[in-house]
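Just so it is clear, the structure is predicted and the values come from calculations on it, not from any experiment. Note on naming: letters A, B, ... go to the chains in the order of the sequence lines (proteins, then strands), and numbering restarts at 1 for each one.
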There are 2 protein chains.
Amino acid sequence: MENAADSKGLTTIPEPTLRRLPIYYQYLRNLESAGKKVISCTTIGNDLSLDPTQVRKDLAHTGVEGKPKVGYMVSDLVRKIEEFLGWNKINAAFLAGAGNLGSALLGYPQFREHGLSIVAAFDRDPAKVGSLIHGKRVLPLETLPGLARRMGIRLGIITVPPAAAQEVADFMVQGGIQAIWNFAPVMLKVPSSIVVRNEELYYSLAALSHTLAKKLNVEIKKGEEGYASSN
Amino acid sequence: MENAADSKGLTTIPEPTLRRLPIYYQYLRNLESAGKKVISCTTIGNDLSLDPTQVRKDLAHTGVEGKPKVGYMVSDLVRKIEEFLGWNKINAAFLAGAGNLGSALLGYPQFREHGLSIVAAFDRDPAKVGSLIHGKRVLPLETLPGLARRMGIRLGIITVPPAAAQEVADFMVQGGIQAIWNFAPVMLKVPSSIVVRNEELYYSLAALSHTLAKKLNVEIKKGEEGYASSN
DNA sequence: TATATATAGAGAAAAGTTTCTCGATTCGCT
DNA sequence: AGCGAATCGAGAAACTTTTCTCTATATATA
Ligand SMILES: NC(=O)c1ccc[n+]([C@@H]2O[C@H](COP(=O)([O-])OP(=O)(O)OC[C@H]3O[C@@H](n4cnc5c(N)ncnc54)[C@H](O)[C@@H]3O)[C@@H](O)[C@H]2O)c1
Ligand SMILES: NC(=O)c1ccc[n+]([C@@H]2O[C@H](COP(=O)([O-])OP(=O)(O)OC[C@H]3O[C@@H](n4cnc5c(N)ncnc54)[C@H](O)[C@@H]3O)[C@@H](O)[C@H]2O)c1
């Protein structure tokens with residue numbers, strides 16, 4: 001059950017739990033469209049390779065309640081996770097940097113199902129300004145702060161090259177934007193009231209290549225069979 | 001200092017450390033090109049908002065050694081992290097799904113600096129097969145397993161729609177691919193010897209919208225001042 | 001209706017990660 | 001050369017997250 005701090009939103013959710021909630025959500029949406037009505041932590045755990053107790057604890061953070069021997073209503077879970085993550089209401093967002101990655105994000109309609117609607121793009125390249133990308137207008141970067149204020153935009157997405165990221169972030173802060181999703185591999189300096197999340201695109205890659213390199217090493221070591229190399 | 005298990009690569013690195021190493025790397029590469037020769041954990045910690053002790057412990061995993069009062073050689077750190085992550089050798093990779101996201105990845109030359117070279121793309125769409133995207137040839141999906149074996153490809157990237165992801169993964173496994181970077185929001189079923197990393201693109205978004213939703217709630221609560229709403 | 005069983009939920013224990021503390025080392029300065 | 005300050009490195013302590021254990025409850029079955 002929840003405690004007082006929970007219901008006031010004062011306790012912070014564990015990062016690992018927050019990382020898993022979108023995975024549950026995805027999975028549960030699939031179950032839902034497959035017509036499944038109830039689901040147990042045991043089954044979720046099996047399907048997602050997670051410990052059932054952990055699943056139960058994670059889901060408890062959303063305030064959902066289940067029935068012994070039965071499990072949870074799938075629709076309850078979906079709704080509660082949506083509420084918890086703020087995906088039941090759409091955030092309008094501005095994107096800066098209408099390049100390769102920016103265009104891919106602009107053309108991803110599924111973000112709407114995750115509470116995100118990119119309403120306009122901003123760029124400095126005169127060749128891009130004025131054009132439409134996936135139906136979204138590309139506007140001059142300089143107009144971002146004014147428009148953001150006027151439209152009450154709270155979320156900004158940065159997909160410009162690293163060298164331009166800080167400047168863009170400053171524009172966003174100036175426009176009253178409160179949260180930034182940053183795809184550029186740099187640490188942004190912003191006032192502490194602004195929430196920044198860096199997309200750690202290299203993390204997965206690091207994990208993969210580290211594992212591959214280790215595997216390869218083991219194979220080589222097997223070939224050498226018993227020779228220990230110092231330094 | 002290292003213990004025996006470490007030097008044999010038997011201890012597994014903490015996930016949080018692995019997540020931070022690419023961030024250090026990025027930062028250190030910048031220092032390097034700015035001409036900085038030595039750096040201390042204290043400074044790194046300040047610049048990246050991390051505890052200096054944690055930085056020291058993280059870096060120790062790569063086997064680097066520093067000098068008291070001075071710090072580490074930047075070039076040492078860069079080289080050791082590269083080695084540790086396997087970014088000093090380039091992995092050739094195949095990408096399946098030459099759509100919006102796939103094209104963005106194909107057009108990102110910086111992956112080479114992180115040990116990754118995407119050498120070809122694969123797709124089912126006849127309109128795409130045969131074309132070049134950012135200089136990379138798009139080939140029919142069916143040819144993936146054969147080519148992967150012939151070229152000894154060990155890494156695969158999946159950027160197809162969720163419904164097609166499992167099929168593509170099966171093709172990759174069939175082609176002897178050992179590690180998969182999966183951008184489709186589904187859990188893949190593969191033999192346990194194959195390493196899969198799912199790009200958790202929604203995690204950052206979840207963190208942001210959750211925080212925004214909470215902020216908004218607090219603002220609304222302030223307006224209501226004292227009224228507690230049940231459900 | 002009684003019994004067996006699967007599962008939620010709560011709390012305890014274990015494992016993992018971060019932060020603190022302290023001694024050793026190096027460098028710059030007097 | 002000696003002294004003080006900065007920093008590394010190692011181990012301990014504090015904190016967080018995961019896993020285990022137990023109890024209560026709902027359902028199905030005999
Ligand atoms: N493409 C990928 O696969 C990928 C992968 C990982 C990280 N990233 C990061 O994402 C960011 C974008 O990558 P990309 O491949 O889309 O680059 P890109 O060069 O294709 O696009 C960058 C866009 O930003 C615009 N731009 C440059 N300076 C600007 C400024 N000051 N204000 C506004 N717009 C500006 C450019 O005109 C261009 O349209 C980079 O920081 C990159 O490191 C990209
Ligand atoms: N675009 C984004 O910003 C974004 C963000 C998050 C996640 N994703 C995920 O990345 C994946 C790709 O997204 P996208 O926007 O590039 O989609 P897209 O529709 O633009 O591209 C998908 C590509 O895959 C190809 N394809 C379809 N079935 C195939 C098959 N069986 N074998 C080979 N190729 C096949 C299509 O022809 C197309 O070229 C999706 O799973 C999506 O959920 C994308």
Atom-pair distance ([atom1] on [X]; [atom2] on [N]), nearest Å:
| X | N | atom1 | atom2 | answer |
| --- | --- | --- | --- | --- |
| A/M73 | D/dA26 | CE | P | 16 Å |
| B/R19 | C/dG16 | CZ | C1' | 14 Å |
| B/E15 | C/dT17 | CD | P | 8 Å |
| A/H61 | D/dT17 | NE2 | C1' | 10 Å |
| A/L18 | D/dT17 | CG | P | 11 Å |
| A/N46 | C/dA6 | CG | C1' | 13 Å |
| A/L59 | C/dT7 | CG | P | 15 Å |
| B/E65 | D/dC8 | CD | P | 13 Å |

Kindly write out the residues that satisfy side chain to side chain contact (heavy atoms under 4.5 Å, CB included) with [X], not counting sequence neighbours, or none if the list is empty.
| X | answer |
| --- | --- |
| B/A207 | A/L18, A/R197 |
| A/P191 | A/V173, A/S193, A/I194 |
| A/I90 | A/R112, A/S117 |

Taking only residues two or more places apart in sequence or in another chain, which ones pass side-chain hydrogen bond (donor to acceptor under 3.5 Å, both in side chains) with B/T42?
->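 For B/T42, no residue satisfies side-chain hydrogen bond (donor to acceptor under 3.5 Å, both in side chains) once neighbours in sequence are set aside.
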
side-chain hydrogen bond (donor to acceptor under 3.5 Å, both in side chains) partners for B/E199, two or more places apart =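 B/E199 satisfies side-chain hydrogen bond (donor to acceptor under 3.5 Å, both in side chains) with A/S204, B/W181 only.
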
Please determine if a side-chain N or O atom of A/Y72 lies less than 4.0 Å away from the OP1 or OP2 oxygen of D/dA26.
->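 Answer is no, no contact under 4.0 Å.
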
For nucleotides 18-30 of chain C, just jot down a letter per nucleotide in 5' to 3' order: B, S or -, based on protein non-hydrogen atoms under 4.0 Å.
-> SBB----BBB---

Aromatic rings B/H114 and A/Y202: how do their planes relate, parallel, tilted or perpendicular, breaks at 30° and 60°?
->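 B/H114 and A/Y202: parallel rings.
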
